[in-house]
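Numbered from 1 within each chain, the chains take letters A, B, ... in sequence-line order.
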Amino acid sequence: MILNPAKRELLAAELLEAEGLSPEGRSLTKDAMRRLCRNKAAVVSIVVLALLILAAVVGPYFIPHNYEDPDWAAFRAPPSWEDGHYFGTDPNGRDLLARVLYGTRVSLAVAFVATLVSVVIGVLYGAISGYFGGRLDSIMMRFVDIMYALPYILFVILLMVIFGRNVYLLFAAIGALEWLTMARIVRGQTLSLKHREFVEAARASGQKPLKIITKHIIPNLVGPVVIFAALTVPEIIATESFLSYLGFGVQEPLTSLGTLIAEGTDAMESMPWLLAFPAVFLVSLLLSLLFIGDGLRDAFDPKDR
Amino acid sequence: MLDQNTSGQTLLKVENLTTQFEIQAKSFFKKPTMLTAVNDVSFELKEGRTLGIVGESGCGKSTLGRSILQLIRAQEGRVVWQGKNLLDLTPEQIRLARRDMQIIFQDPIASLDPRMTVGDIIAEPLTVFEPKLSRAERTERVREIMEAVGLVPEMINRYPHEFSGGQAQRIGIARAVITRPKLIVCDEPVSALDVSIQGQVITLLRKLRKEFGLTLIFISHDLSVVRLISDDVLVLYLGRIVEAGDCATVFSAPAHPYTQALFSAAPIPDPKLARQRSRIRLQGDPPSPMNPPPGCPFQPRCWKATDICRTKMPPTELVRPGQSAACYHMDRPPET
């Protein structure tokens with residue numbers, strides 16, 4: 001076996017650490033986190049994402065302008081340091097920096113809500129379907145197939161009508177549509193996990209089926225689930241932007257990155273800053289999330305890099 | 001069938017156990033083919049005895065062990081355990097019965113959940129069967145048992161991948177004995193370990209057997225290991241028992257041609273003796289259990305086979321007290 005020098009050093013370090021015989025074991029998750037920290041792109045992305053989240057959460061409190069009140073002295077103002085509109089203002093005189101920060105906050109919140117809902121439903125549904133198998137599995141998976149076949153946008157528009165007033169509820173509902181792929185991934189993983197000897201050992205120990213799912217199957221799904229969740233977040237952000245662009249998403253004066261970009265494209269020639277700033281935020285958000293997802297995949301699955 | 005002359009309570013009685021698997025049908029309309037992994041197996045196991053089950057790969061040893069524990073449901077027959085036929089019980093009743101019957105697996109690492117600490121793995125049967133124990137009491141029990149199986153209790157918070165195969169097997173054994181079961185099925189517990197560790201694990205099993213009064217079913221393809229630990233032995237071929245009896249008798253005078261061939265294939269750790277003995281070489285592979293030959297399952301490879309072997313399954317007959325075999329041409333003791 002040929003190892004490259006960097007890998008050999010790593011191995012040596014690991015061996016030395018083992019010699020130290022620390023009483024605390026190294027769990028697989030900790031191992032994965034250590035590998036993630038060695039991935040430069042992922043680390044940079046984590047920093048970028050952390051900064052974006054920080055800016056979106058506390059940023060609005062530190063800038064002099066509000067996202068909804070117009071500044072009567074500055075309509076369509078280009079970015080400037082003097083009047084405090086660092087990103088300029090929109091045709092209604094609202095500060096673009098405040099709006100971008102607020103939009104980032106909404107986009108992120110919406111994405112996390114939808115991802116959380118889809119992960120919870122998808123993992124439970126897939127694990128139950130895969131573990132019990134047989135007829136239950138067939139019924140549950142045919143239901144997923146039917147859901148897949150229905151047009152997504154039609155559903156979203158229906159949900160819009162129902163939850164139109166509350167954007168978070170709307171995206172919780174979108175999350176409740178997004179779980180299909182997650183359920184399939186989890187079911188597949190469960191099918192291979194349930195034949196592993198440690199699951200049989202749990203059965204032989206008298207463990208109840210539902211406990212086997214929660215204690216043995218789901219913890220061993222952490223890798224694929226975390227990866228898929230990390231990739232679902234940017235997908236939902238993009239979906240939200242798309243829906244907002246179509247006018248289905250967030251309603252005025254509330255805003256999101258997608259809405260801002262939609263407005264920006266209309267005024268692209270006269271006021272390019274209206275498109276440029278939200279686009280930069282959206283792109284860096286999506287890229288960092290994708291790199292993190294990628295890094296997580298490598299970290300949890302070091303074999304197939 | 002086994003050890004009529006030894007006393008002791010019968011712990012487990014298996015009658016005509018048959019386990020079949022459905023093999024995926026080639027087309028949607030075809031009936032699925034059935035693979036008979038365990039075929040009409042009967043035996044009785046007395047408390048405190050150790051039963052060795054031997055046979056080559058694919059003969060149904062592991063399936064038999066799992067069918068007894070109801071990890072695989074058998075199609076026919078009875079498994080009488082504590083006065084009840086396990087095949088009649090509901091899944092919940094079987095789950096509760098598992099307190100007294102445990103299993104040790106072949107692959108020590110794969111049988112431990114990689115995301116759980118050793119302490120949690122060993123404590124799992126306790127959390128199921130003695131949920132009233134406090135956390136501290138449970139940890140105390142785990143540490144006790146870790147010491148009993150030769151693990152350092154300080155390793156309680158470590159994860160399975162940090163252990164060697166031998167240590168991992170000790171963890172598996174600790175998990176199996178923590179609820180003080182009566183019966184443990186050891187499914188090739190040492191085949192994945194190297195020889196020096198095999199000896200340690202066997203010694204450990206013998207120690208625990210004495211300490212906890214265990215009854216063992218020891219499945220292995222390694223005859224020398226079986227000989228070392230078993231009181232009784234079953235020889236399986238294509239899911240059927242071809243020979244059974246107490247260990248000393250069967251090993252010293254095997255009656256069934258298959259047993260003779262099997263024993264003659266086992267290496268002897270003495271080159272002089274090894275050169276002297278005659279080696280029986282079998283031709284071909286065991287037939288497919290999906291399509292067993294007519295008559296005796298061993299007939300296509302048997303050098304003693306005659307016409308009757310090809311048409312009728314030989315009945316199981318007593319060879320001598322404490323030994324029985326299923327063969328028309330078995331070696332019988334000289335009439336006295």
Side-chain angles (χ1 to χ4, degrees), chain A residues 14-35 127 131-135 138 189-190 192-226 300-303, chain B residues 62 65-66 69-72 91-92 94-130 152-163 168 171-172 175-176 178-179 181 184-185 187 192:
Chain A
E14 270 169 22
L15 281 176
L16 277 180
E17 208 180 281
E19 290 289 302
L21 268 180
S22 67
E24 281 308 310
R26 274 189 307 138
S27 79
L28 293 182
T29 317
K30 272 190 220 159
D31 258 9
M33 288 309 135
R34 269 168 19 127
R35 277 195 293 271
Y131 184 76
F132 289 106
R135 191 168 297 165
S138 305
Q189 293 283 326
T190 307
S192 68
L193 274 178
K194 79 169 174 181
H195 293 298
R196 295 267 293 274
E197 272 190 342
F198 68 83
V199 175
E200 194 173 20
R203 281 206 298 142
S205 302
Q207 196 64 275
K208 289 183 188 145
L210 281 177
K211 270 267 174 88
I212 292 178
I213 292 179
T214 53
K215 279 185 73 178
H216 297 283
I217 304 274
I218 292 179
N220 280 289
L221 290 169
V222 176
V225 168
V226 166
F300 275 107
D301 238 347
K303 274 163 285 169
Chain B
S62 296
R66 284 167 162 74
L69 293 182
Q70 306 303 309
L71 287 168
I72 297 173
E92 181 62 13
I94 288 169
R95 196 178 70 76
L96 295 173
R98 295 201 188 288
R99 180 185 192 135
D100 290 328
M101 37 187 218
Q102 282 289 333
I103 182 166
I104 299 168
F105 291 93
Q106 174 171 14
D107 186 337
I109 302 271
S111 64
L112 308 176
D113 187 336
R115 301 239 167 231
M116 279 166 86
T117 62
V118 169
D120 289 339
I121 290 170
I122 298 175
E124 185 165 22
L126 269 192
T127 60
V128 176
F129 292 115
E130 291 173 48
V152 190
E154 278 66 43
M155 296 198 159
I156 193 164
N157 286 326
R158 295 190 149 231
Y159 289 85
H161 64 108
E162 299 173 82
F163 290 86
I171 297 168
R175 168 176 59 190
I178 196 161
T179 54
I184 296 183
V185 173
D187 185 7

With a 4.5 Å cut-off on heavy-atom pairs, point out which of [options] contacts chain A the most.
| options | result |
| --- | --- |
| D113(B), L96(B), I109(B) | D113(B) |
| M101(B), R99(B), M116(B) | M116(B) |
| P114(B), P125(B), P181(B), A97(B) | P114(B) |

query: For the residue pair V128(B) and G206(A), what are the closest heavy atoms and their distance?
result: CG1-O, 3.1 Å

- request: Please report the closest heavy-atom contact between A204(A) and I103(B), naming both atoms and the distance.
  value: CB-CG2, 3.3 Å

Let me confirm one number: the [atom1]-[atom2] distance from [X] to [Y], rounded to the nearest 0.5 Å.
| X | Y | atom1 | atom2 | value |
| --- | --- | --- | --- | --- |
| S205(A) | I122(B) | OG | CD1 | 11.5 Å |
| R98(B) | Q207(A) | CZ | CD | 11.5 Å |
| I217(A) | R115(B) | CD1 | CZ | 13.0 Å |

Contact class of T179(B) relative to chain A, heavy atoms under 4.5 angstrom: neither

message: For L112(B), which atoms come within 4.5 Å of any heavy atom of chain A: side chain, backbone, both, or neither?
response: backbone

- prompt: How about H216(A) and E124(B): do any of their side-chain heavy atoms sit closer than 4.5 Å?
  reply: yes

message: I'd like to know if E200(A) pairs up with R66(B) as an ion pair, taking the criterion as any Lys NZ or Arg NE/NH1/NH2 lying under 4.0 Å from an Asp or Glu carboxylate oxygen.
response: yes

field: Contacting moiety of K208(A), where chain B heavy atoms sit under 4.5 Å
entry: both

